[in-house]
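Per chain, numbering begins at 1; letters A, B, ... match sequence-line order. Since the structure is predicted, the reported quantities are computational estimates derived from the model, not experimental observations.
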Protein chains: 2
Amino acid sequence: MKPVPAPLSAEDDLRSAETQAGAFQAVREARRSELAEDYVELIAELIAHFGEARPVDIASRLGVTAPTVAKTLDRLARDGLVMRARYRSVFLTDQGRALAEECRVRHDIVVRFLIRLGLDAETAEQDAEGIEHHVSARTLALFAAFAERRGQPETR
Amino acid sequence: MKPVPAPLSAEDDLRSAETQAGAFQAVREARRSELAEDYVELIAELIAHFGEARPVDIASRLGVTAPTVAKTLDRLARDGLVMRARYRSVFLTDQGRALAEECRVRHDIVVRFLIRLGLDAETAEQDAEGIEHHVSARTLALFAAFAERRGQPETR
DNA sequence: GTATCAAGTTAGCACCGTCTAACTTTTCAT
DNA sequence: ATGAAAAGTTAGACGGTGCTAACTTGATAC
């Protein structure tokens with residue numbers, strides 16, 4: 001078969017292989033940081049509300065088992081996002097705290113955006129959990145503008 | 001420490017551990033199907049435009065190596081989404097085709113939504129690649145409504 | 001003070017998704 | 001018809017994310 005044969009269906013063109021590959025690479029990159037972001041964001045929440053972040057609470061709120069949390073926290077510690085001492089709660093490093101704050105802001109924008117769009121708060125929270133990691137800076141800015149704009153929520 | 005101490009910061013309450021765990025479990029579930037969806041969607045695109053889906057093209061458009069594609073295709077075949085014969089192109093099963101179509105529709109809605117929101121087409125495509133897997137049915141419906149409502153002409 | 005129980009840890013397994021290196025098969029130009 | 005190039009495959013490595021089972025430590029009730 002020829003390297004680039006003419007399209008059989010001429011409706012719309014495909015993006016170039018390179019462009020498409022770039023998009024997928026960006027997605028894979030985002031996927032790699034997602035878990036770390038979920039952890040630091042949750043840890044910051046727990047510390048803000050309960051004064052400390054215990055592995056057992058992280059586990060129950062993430063819906064995974066304690067050993068999974070332990071292993072992940074070790075990785076986060078290795079990567080400089082958290083500090084931990086054996087049998088103690090977890091704390092964020094400066095880097096971890098910065099990341100958590102960034103995530104919190106982004107998360108809030110996405111949630112408020114979805115609610116403004118007409119979604120119920122519960123589903124907005126759920127969807128935001130997945131969406132937030134894949135929103136570029138430009139899109140986030142548009143979300144923020146839409147969320148903040150004056151007017152009643154779009155209930156149609 | 002007490003099991004559920006009073007919040008130290010009273011600004012806003014946390015969701016219950018169960019609710020939050022549910023959201024994270026949903027995200028993990030979505031993450032598990034993401035790659036399969038990317039593959040079948042891409043395979044459908046390639047077949048529609050070039051008449052066949054060759055591993056080498058899948059690899060170049062995904063930005064991964066050929067062995068990675070091979071292994072993933074084996075998994076998709078095991079899961080009943082694609083059919084393959086050695087040294088031949090890949091085809092979708094009925095199930096794979098159905099999934100691909102569902103993804104295509106969802107992808108298009110997300111892209112049109114983002115463009116309508118004011119994003120450039122290129123960034124819209126990129127962000128959609130990541131976002132589409134995490135949009136619930138309700139949110140998708142809102143996206144579709146927003147994208148289709150009258151306003152400035154769609155550039156399609 | 002000690003026994004108990006919750007929390008935390010360690011070890012080991014499994015699967016996924018990625019890679020490189022080396023090999024085989026197919027395709028195509030001459 | 002054949003040989004080189006392209007495509008595909010296999011093997012093996014590695015890190016991530018999850019689990020269960022079994023162990024150790026810490027906190028608490030008495």
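Remark: the A:Lys71 side chain and the D:dG18 base include a donor-acceptor N/O pair separated by less than 3.5 Å.
Closest contact between the side chain of B:Thr65 and the listed nucleotides C:dT20, C:dG8, D:dA7 involves C:dT20. Among the nucleotides C:dT9, D:dG18, C:dA7, the one closest to any side-chain atom of A:Ala66 is C:dT9. Among the nucleotides C:dT18, C:dG8, C:dT9, the one closest to the side chain of B:Leu35 is C:dT18. Of the candidate nucleotides D:dT20, D:dA27, D:dT9, D:dT9 has the atom lying nearest to any side-chain atom of B:Pro67. Among the nucleotides D:dT10, D:dG26, D:dG18, the one closest to the side chain of A:Thr68 is D:dG18.
Heavy-atom minimum distance, B:Ile115 versus B:Ala124: CG1-CB, 3.7 Å.
In this structure, OG1 on A:Thr19 lies 5.5 Å from CD on B:Glu122, to the nearest 0.5 angstrom. Here A:Glu41 contributes atom CD and A:Ile43 contributes atom CD1; the two are 11.0 Å apart, rounded to the nearest 0.5 Å.
The distance between atom CD1 of A:Ile58 and atom P of C:dA7, rounded to the nearest whole Å, is 13 Å. Atom OH in B:Tyr39 sits about 10 Å away from atom C1' in C:dT18, given to the nearest Å. Taking atom CZ of A:Phe50 as the reference point, atom P of C:dA7 lies 14 Å away to the nearest angstrom. Atom CZ in B:Arg88 sits roughly 10 Å away from atom P in D:dT9 (whole-Å rounding). For the pair B:Glu52 CD and D:dG8 P, the interatomic distance rounds to 8 Å; values are reported in whole Å. Residue B:Arg54 contributes atom CZ, which lies 10 Å from atom C1' of C:dT27 at whole-angstrom precision. As a whole-Å value, the separation of A:Leu73 CG from D:dG16 P is 14 Å. Rounded to an integer number of Å, the gap from CG of B:Leu62 to P of C:dT18 is 8 Å.
Looking at which nucleotide of DNA chain C each of B:Val64 and B:Asp79 is closest to, the 5′-most match is held by B:Asp79. Sequence order on DNA chain D of the closest nucleotides to A:Arg31 and B:Arg84 puts B:Arg84 first from the 5' end. Of the two residues near DNA chain D, A:Gly63 and A:Arg86, the one whose nearest nucleotide lies more 5' is A:Gly63.
Between B:Arg28 and D:dG18 there is a side-chain N or O to OP1 or OP2 distance below 4.0 Å.
With hydrogens and angles left out, the side-chain atoms of B:His134 and B:Glu34 include a donor and acceptor closer than 3.5 Å.
Between A:Lys71 and A:Asp74 there is no salt bridge, since none of the side-chain N atoms of the basic residue sits less than 4.0 Å from a carboxylate O of the acidic one.
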